[in-house]
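Here is the structure we will look at, set down as structure tokens.
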Amino acid sequence: MAIRAAAAAPRGLRRLFSTIPTSMSTLFPPPANGGVSALEQAEPNTNLFVSGLSKRTTTERLQEAFSEFGKVVQVGISARVVTDRVSGFSKGFGFVRYATLEDATKGIEGMHGKFLDGWVIFAEYARPRPPPAQPDNMPPPYGRQ
DNA sequence: GGTGAGCGT
């Protein structure tokens, strides 16, 4: 039943379920390279997705916690706890961008599964984000000049 | 928020 638990577990938890014997790997072969893209974890990137945060954990708390493992850019620029826009409460996860990829890796290795404000947090590479605008067509703000 | 998986105001 460890397989079901690993499949139902969040992305950051699958690492803790990596005690799968080879016989199980034969019964459940991983998809070959090229079959997955956005549904799996993103490739190494300087941007980190951090989940499992406490509701009380703020952006600056996140920044100072990840700063001891690498160079995180200034608060408000590359470290942010996602909060609800209307209520202002934390959603329990956030993002941290390191200066270099090696620092991002050290940040994950150092903070993944660690405690922050009493909660076990999960750090992994953030997925590539779709570009906000595509200036190939007509720009939106037109007609009020 | 006394809400607990998740990929962003």
Side-chain angles (χ1 to χ4, degrees), chain A residues 1-20 24-25 27-144:
Chain A
M1 287 309 176
I3 289 296
R4 283 181 54 92
R11 291 153 171 51
L13 263 177
R14 292 187 297 175
R15 220 171 201 217
L16 304 180
F17 289 98
S18 56
T19 61
I20 301 177
M24 301 297 281
S25 300
L27 295 178
F28 300 93
N33 41 359
V36 294
S37 49
L39 294 180
E40 277 295 330
Q41 287 178 330
E43 5 181 304
N45 182 274
T46 55
N47 200 24
L48 262 54
F49 171 69
V50 186
S51 59
L53 296 175
S54 171
K55 297 293 203 283
R56 306 172 302 195
T57 302
T58 180
T59 292
E60 102 179 346
R61 186 96 166 86
L62 189 69
Q63 193 267 348
E64 73 181 34
F66 277 78
S67 287
E68 56 180 302
F69 295 99
K71 292 171 283 293
V72 180
V73 201
Q74 284 298 312
V75 181
I77 301 181
S78 292
R80 169 173 17 177
V81 169
V82 177
T83 56
D84 189 77
R85 194 170 60 91
V86 293
S87 63
F89 291 119
S90 170
K91 290 184 177 178
F93 66 92
F95 296 88
V96 176
R97 182 179 291 272
Y98 279 95
T100 66
L101 176 59
E102 51 192 32
D103 284 346
T105 303
K106 289 187 298 183
I108 292 182
E109 299 291 329
M111 288 303 295
H112 184 74
K114 299 301 173 57
F115 277 87
L116 185 60
D117 283 336
W119 285 79
V120 181
I121 68 175
F122 304 102
E124 54 191 316
Y125 297 109
R127 294 182 188 144
R129 234 190 131 171
Q134 191 70 303
D136 190 53
N137 211 336
M138 198 67 95
Y142 261 73
R144 192 81 77 97

Side-chain N or O of A:Arg127 less than 4.0 angstrom from OP1 or OP2 on B:dC7? yes
Within the pair A:Lys91 and B:dA5, is there a side-chain N or O less than 4.0 Å away from OP1 or OP2? no
Length of the [atom1]-[atom2] vector between [X] and [N], whole Å:
X	N	atom1	atom2	result
A:Phe93	B:dT9	CZ	P	7 Å
A:Glu43	B:dC7	CD	P	18 Å
A:Phe122	B:dG4	CZ	P	15 Å
A:His112	B:dC7	NE2	P	15 Å
A:Arg97	B:dC7	CZ	C1'	13 Å

Can a salt bridge be assigned to the pair A:Asp103 and A:Lys71 using a cut-off of 4.0 Å between side-chain N and carboxylate O? yes
So, A:Arg80 versus A:Thr59: side-chain donor-acceptor pair below 3.5 Å or not? no
Exercise: do A:Tyr125 and A:Thr105 side chains pair donor with acceptor under 3.5 Å: yes
Find which nucleotide of DNA chain B each of A:Ser87 and A:Arg129 is nearest to by heavy atoms, and output the residue with the more 5' nucleotide. A:Ser87
Note: for A:Leu53 and A:Val82 on DNA chain B, the residue whose nearest nucleotide lies more 5' is A:Leu53
Ignoring hydrogens and angles, are the base of B:dG8 and the side chain of A:Asp84 linked by a donor-acceptor pair under 3.5 Å? no
Check every strand shown and say whether [X] touches a base, only sugar-phosphate, or nothing at a heavy-atom separation below 4.0 Å.
X	answer
A:Asn45	nothing
A:Gly52	base
A:Ser90	base

Can you identify which nucleotide, out of B:dG4, B:dT9, B:dG6, has its nearest atom closest to the A:Arg80 side chain? B:dT9
A:Phe49 over B:dG6, stacked by centroid distance under 5.5 Å, angle under 30°: no
Close side-chain approach of A:Phe49 to A:Ile108, heavy-atom, < 4.5 Å: no
Tell me whether A:Glu60 at atom CD has more than 12 heavy atoms from other residues, nucleotides or ligands lying less than 6.0 Å away. no
